[in-house]
Amino acid sequence: MEKIALLNKYGLFDAKVPRYTSYPPANHFENGVGPRHQDSWLRAVPDGAEISVYVHIPFCKRLCWFCACRTQGTKTLRPVDAYVEVLKAEITKVRSKLPKGVKMARLHLGGGTPTILSADTMRDLLSSIFGAFERTETHEFSVEIDPTEASTELLDTLVEFGLNRASIGVQDFAEHVQDAIGRPQTFEKTARVVTHLRAAGVPSINMDLLYGLPTQTHQSFHATIDQVLKMCPDRLAIYGYAHVPWMSKRQVMINEADLPKPITRFELAELAQRRFVDAGYGMIGIDHFALATDSLFDADARGKLRRNFQGYTDDTADTLIGFGASAISKFREGFIQNAPSTSAYQERIADTGFAGHKGYVMSDHDLLVAQMVEDLMCRFAIDDKKLMAAFPDQETVIRQTVVSLMNEFQDLLFIGKEGLMLRHQAYALVRIIAKRIDDFTSVGESHSAAV
């Protein structure tokens, strides 16, 4: 109860704060940052650099009610195939602006449902991507897989092109929860896909679960975890369901009265954490878990954990290039987001070859704040000495931030070997503290990036 009282004191159960998968969060991207910046920043990527690539497939045969991603339903593959043709044009345009020596270290296909593509269309898309970008020797190719929309032929095509990490959305296996969120997905069908991928030689399987879903209970979530652990995924993530019907209209289908109370949400997250740790997974950050054989576990152990739009990652590339509607590209200079609707995206590609419609230009101050937020999210610490060495012109801001945080969160923070460190029992509050870094360091800044 002492832990609950501490978390309640600092607003965990009613706070609305960003997930901090980027800094600044995407809802603070600005108009006026677009194709001109895209062209310049692509040309500025160092020759020989390793980059990451994300491809967004915004189509689903069914629209799950809980989802807040940018997706659209389709009953035929005709618009999907047409969209892939536009993707190929965008890939060609972007690659022409990059230095010849750039190599692709990561490729991730997300959505939506990437596995909605036919095997032939997927082969066409992957041929275009791998024809444009030479892979590094340690290249990782990952795909989000919906077991209910993944044919054996498609899975084999992915394996043929080098799939070595599969990410499978589970959410919850309880039938009453699936009925409440509009997502039927049996354990048996999911297990068959996992078995097929492993038999085909895919070395790593990730799984995502959601807590805080309507009608979800301790007992039902416990049973879901039992089923997930039977499949022995290499990596797990548990995310809290965000009910935002004003942003995602399909969520009006969910009965708000069926949503667990905030304290129950926390208990469900704690339940998953205990079960996964007891099963031999290491806890990574606030919501990821990995076996000791997984690269994410190794990155965390070596202090190399990073944060990006997929959550925690061991990806070390400074440049992420996003293709497709709503996809976000990250450069050292800033962020560019493609037009969110498929129609607007396709029109922009047809007009200029670029689809950027908003973004953010990072100042030196923004880079400092981004580093502090990432350090806190990934290592639960702010190493002021390392920050001062990296940002010597901002020593005063760094010192003021550390002092301010100590004053405001004195029962959560302490001075340790890595600088200002967060106590273990307060890890759940890390995003709230990250939000305060925004507030403390944005004072006096003319170029606002505060959340």
Side-chain angles (χ1 to χ4, degrees), residues 1-21 66 171-172 174 177 180 208-226 228-229 236-244 254-279 281-289 300 307 311-312 373 375-382 404-416 420-440 451:
M1 291 304 294
E2 288 184 9
K3 180 177 181 179
I4 296 295
L6 179 69
L7 300 178
N8 188 53
K9 173 184 175 181
Y10 287 98
L12 178 67
F13 304 117
D14 54 18
K16 304 295 182 185
V17 292
R19 293 186 186 273
Y20 285 116
T21 52
F66 71 89
Q171 322 319 334
D172 195 303
V177 176
D208 296 343
L209 289 83
L210 283 177
Y211 64 89
L213 290 171
T215 76
Q216 198 173 48
T217 66
H218 295 80
Q219 184 177 5
S220 68
F221 201 43
H222 200 288
T224 286
I225 293 170
D226 281 342
V228 166
L229 291 175
L236 286 156
I238 53 167
Y239 300 113
Y241 166 64
H243 191 62
V244 288
I254 289 177
N255 184 356
E256 293 190 22
D258 290 337
L259 296 173
K261 302 298 182 186
I263 187 66
T264 303
R265 283 172 56 95
F266 174 73
E267 290 170 350
L268 291 169
E270 289 274 285
L271 167 63
Q273 177 183 325
R274 288 195 304 272
R275 292 293 312 280
F276 295 153
V277 170
D278 288 346
Y281 291 83
M283 186 168 181
I284 312 296
I286 58 173
D287 52 21
H288 282 50
F289 302 82
D300 184 46
R307 190 106 171 126
Y312 290 104
V373 168
D375 287 348
L376 191 61
M377 293 292 298
C378 293
R379 287 170 278 286
F380 302 108
I382 297 176
S404 297
L405 290 174
M406 279 296 293
N407 287 339
E408 176 137 355
F409 302 104
Q410 53 187 296
D411 48 349
L412 306 182
L413 300 166
F414 67 98
I415 302 298
L420 187 63
M421 302 179 67
L422 184 60
R423 299 186 188 280
H424 187 273
Q425 65 267 32
Y427 280 5
L429 294 165
V430 66
R431 291 191 296 134
I432 290 175
I433 298 173
K435 172 64 172 66
R436 295 299 294 136
I437 292 177
D438 262 352
D439 296 343
F440 290 136
V451 176

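No hydrogens, no waters, no symmetry mates; every other heavy atom, side chains included, goes into these values.
- Between L213 and F221, every side-chain heavy-atom pair lies at or beyond the 4.5 Å cut-off.
- Looking only at distances, a side-chain donor or acceptor of R307 sits under 3.5 Å from a matching main-chain atom of Y20.
- Nearest heavy atom pair, residue A272 against residue I238, reads CB-CD1, 3.8 Å.
- The aromatic ring centroids of F289 and F276 lie less than 6.0 Å from each other.
- The minimum heavy-atom distance linking D438 with K435 is given by the pair CB-O, 3.0 Å.
- For the pair Y241/L259, a side-chain contact is recorded, criterion being any heavy-atom separation below 4.5 Å from C-beta on.
- Evaluation of the ring-ring contact (aromatic ring centres under 6.0 Å, His included) rule for Y211 yields no partner, not counting sequence neighbours.
- Identified under the salt bridge (Lys or Arg N to Asp or Glu O under 4.0 Å) test for residues 266-275, with sequence neighbours left out: K3-E270, D226-R275.
- Atom CG of L405 sits about 5.5 Å away from atom CD1 of I382, to the nearest 0.5 Å.
- Closest heavy-atom contact between P214 and A180: CG-CB, 3.8 Å.
- Between M377 and I286, the closest side-chain pair of non-hydrogen atoms falls below 4.5 Å.
- Across every non-hydrogen atom of L376 and V430, the tightest pair is O-CG2, 3.3 Å.
- No side-chain heavy atom of F13 sits less than 4.5 Å from a side-chain heavy atom of K261.
- When atom types are taken as modelled, the side chain of Y312 and the backbone of D287 share no donor-acceptor pair closer than 3.5 angstrom.
- Between T224 and L209, the closest heavy-atom pair is CG2-CD2, 3.8 Å.
- Taken to the nearest 0.5 Å, the OH atom of Y10 stands 4.5 Å off from the CG atom of L412.
- Screening residues 7-21 for salt bridge (Lys or Arg N to Asp or Glu O under 4.0 Å) gives K9-D411 as the qualifying pairs, with residues at least two apart or on separate chains.
- Q216 contributes a side-chain N or O that, together with a main-chain N or O of L210, makes up a donor-acceptor pair within less than 3.5 Å.
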